[in-house]
Amino acid sequence: MATLQQQRQAIAQGMANSRQATGAAERQAIGQGMIEERTGKQVAEDINRLVTPARQRRSLPAVPAVGAVPASKGRGEYKPPAATTGGIASPITEPDFTAREFWPTGLRSSDGLLFLPAEKKVVAQGANGAEVIFEYAEPVPV
Amino acid sequence: MNPTNVPPWGTPWHGLVQGGVLTLPNGGTMAYPQPVSTSFTSGPSGSITNYPQDTYGITHRHAAGLPPVTSSAADIAAGREWRNEATLSGGRYQVYGKPLDGWVYIDPDGGRWVVKIPAIREQDARSLTSTLNVAVSFLKFGELGVAPALWPWSVTLPLPDIGASGSGYLMIDAIKPDGSAAVINVYSQAFTERRMGRPPIGFIEVSISGPASAPTITANVVRDKSQTQIHPPVIEAELSWWDGVEYQETNPLQLYAAMHSLEGEFASTSKWILALWYDALGSLHELILRAQATSTYSAPRPSNPDAGYTSSSSGSGTLDIMVDATVFDSMTFSVAVTAEQSGGAGIFTFAAEVDGVALAGDATVEPDDFAIYPFPDLGHMIPFLGTTAVGVGGAVHSLAIAPGGPYFTPITAATWFRASVWPYWHSRQVVGFEISTENGHDDPASRRWRFRPPVTPSGLAGGATIDITTPTGPTYYGSHDPYSGAAVWGQTEPVCYV
């Protein structure tokens with residue numbers, strides 16, 4: 001059992017704790033209220049709650065000037081090819097000339113004497129054996 | 001034409017080539033193969049060395065109907081000229097510096113073919129009374145990267161349809177711009193060391209249509225002899241027999257052993273087609289030598305057989321070089337002669353002017369000569385190809401075209417002057433007058449030769465008349481540019497436009 005002295009010390013500590021909490025908080029709240037009153041913050045907040053706030057003007061983002069852009073180094077990330085068996089590998093070789101297709105139109109010399117056939121399709125293959133097909137646009141006469 | 005992003009290609013080098021040097025439009029020069037002709041060493045009089053002065057300058061246009069091509073400022077500065085047509089140059093039809101020995105035909109499928117007819121060559125005399133079947137080959141040309149191809153065909157030339165006898169020679173003289181036809185000149189040779197005259201007898205056109213694999217090839221006479229050589233009939237003089245003297249004619253060309261009274265006037269026009277030319281649209285035009293003359297003659301009947309006899313004649317006329325009905329060059333001539341016979345001898349007096357060159361003189365004919373040719377046939381002018389025969393105190397000589405003439409020479413030794421006029425081919429498309437005069441027979445010192453500015457498919461060429469006294473040369477060369485119409489002539493070495 002606590003001694004009388006210990007009991008009296010506990011009662012005193014309890015009284016001090018209750019007084020300190022109440023006092024500090026009250027004093028802080030009173031102090032903050034005084035600050036707000038002096039700065040008008042609370043008044044401003046009260047007014048703002050009553051009126052529609054004005055739209056804020058915001059400036060447009062800046063557009064870079066037209067013209068040459070100073071040279072700069074680009075940067076790219078190297079992505080190694082996927083480890084697969086497809087794609088085009090050099091050299092590309094045409095195995096059979098007779099497989100070429102030509103457009104009926106072609107390119108004429110200025111005097112009409114010579115005629116250079118225009119290729120339409122060339123069938124070739126890459127070094128990895130993959131077929132490579134070139135399809136060319138038709139030279140349409142004007 | 002090609003898409004706009006394709007620049008012109010082919011050959012941009014054009015101009016005049018002489019001595020293997022091409023002069024470009026900007027004045028620059030470059031080495032270039034001189035267009036040539038084929039040569040041959042046989043002819044109607046045995047071996048004749050070819051003097052192809054006119055074949056070097058041959059030019060034919062090949063026009064495929066393409067739109068004009070623009071040459072850039074850089075092209076012009078560099079002497080490049082892009083054209084929408086080609087020029088086949090020289091007797092071997094040179095293109096891009098290479099002889100084709102044929103011309104280019106584009107068939108309906110767009111295929112390009114060189115058409116060759118090897119049998120049409122000048123060294124072979126051909127009978128004009130028999131048809132001639134000749135091979136015509138189509139050789140694939142101009143399509144880069146395709147397989148070669150050749151189609152052999154033939155065509156029969158209807159030489160008898162020309163209406164001539166004997167033999168003649170053949171040469172391709174004109175090619176249609178689209179390559180679908182060509183004209184063959186059927187001619188008789190009249191070559192001298194200065195001149196390669198090819199007086200036409202008639203013309204045959206070879207036409208082509210359809211694909212080279214199945215073409216239609218025809219050959220038709222487009223001008224027969226009667227259309228090519230138009231001469232007036234020999235008009236008999238109106239003769240009035242004189243009492244007591246019979247007309248004796250032992251040789252119509254030389255003897256008139258008769259006393260007769262003649263009065264009259266004689267006018268004539270004759271023409272000779274020298275060539276057929278195609279224009280840019282492919283129509284044929286005639287290059288013509290025309291002669292027009294009027295002469296009068298008078299030989300009044302003497303009052304009695306012992307009286308003196310005076311006769312006189314005069315004539316004047318023009319020689320024209322025409323294309324169809326248009327005269328592009330014209331020269332004049334006139335002559336007057338009188339003959340007085342008295343006491344068996346005779347005196348002839350003459351005066352003439354040929355293209356401004358005056359000739360005059362007189363001569364005495366001895367009685368013995370007069371016995372054979374007592375009275376001159378009063379010179380009347382019968383124009384014909386190669387000359388205007390000026391009758392002077394004697395019969396007009398025959399119409400034959402001889403290599404050295406023809407010229408008129410009175411039939412006695414006492415000849416007075418001669419003048420002859422020839423068409424002169426600087427090239428097959430550059431033709432003008434060659435006028436030679438001699439004031440007195442066998443008087444070389446008086447000989448003169450004049451070469452007037454020639455006529456081309458583009459009209460009369462510029463320049464001044466060449467007037468020389470050199471009897472054996474030089475040979476003159478020329479060329480016509482079918483693209484620009486420009487022409488050169490009177491050159492002393494071969495020259496040709498490319």
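In what follows, chains are A, B, ... by sequence order, proteins preceding strands, each numbered from 1. Computed over heavy atoms, backbone and side chain alike; hydrogens, waters and symmetry mates excluded.
- No salt bridge links B:Arg83 with A:Asp111; every basic N to acidic carboxylate O contact stays at or beyond 4.0 Å.
- The closest side-chain donor-acceptor pair between B:His14 and B:Thr87, if any, does not fall under 3.5 angstrom.
- No donor-acceptor pair closer than 3.5 Å links the side chain of B:Asp109 to the backbone N or O of B:Gly111.
- Checked options B:His60, B:Arg61, B:Glu205, B:Lys176; the residue passing with B:Tyr278 is B:Glu205 (criterion: side chain to side chain donor-acceptor pair (under 3.5 Å)).
- How far CD1 of B:Ile172 is from CD1 of B:Ile120: 4.5 Å, rounded to the nearest 0.5 Å.
- By the 4.5 Å heavy-atom criterion applied to side chains, B:Tyr32 and B:Val21 are not counted as neighbours.
- Ranked by heavy-atom pairs under 4.5 Å with chain B, the first of A:Ser109, A:Pro117, A:Ala118 is A:Ser109.
- At a heavy-atom cut-off of under 4.5 Å, chain A is reached by B:Val69 from residues 68-76 of chain B, listed in order of number.
- Under the 4.0 Å criterion applied to side-chain N and carboxylate O atoms, A:Lys120 and A:Glu135 are not assigned as salt-bridge partners.
- Within the 4.5 angstrom heavy-atom criterion, only backbone atoms of B:Glu85 (N, CA, C, O) approach chain A.
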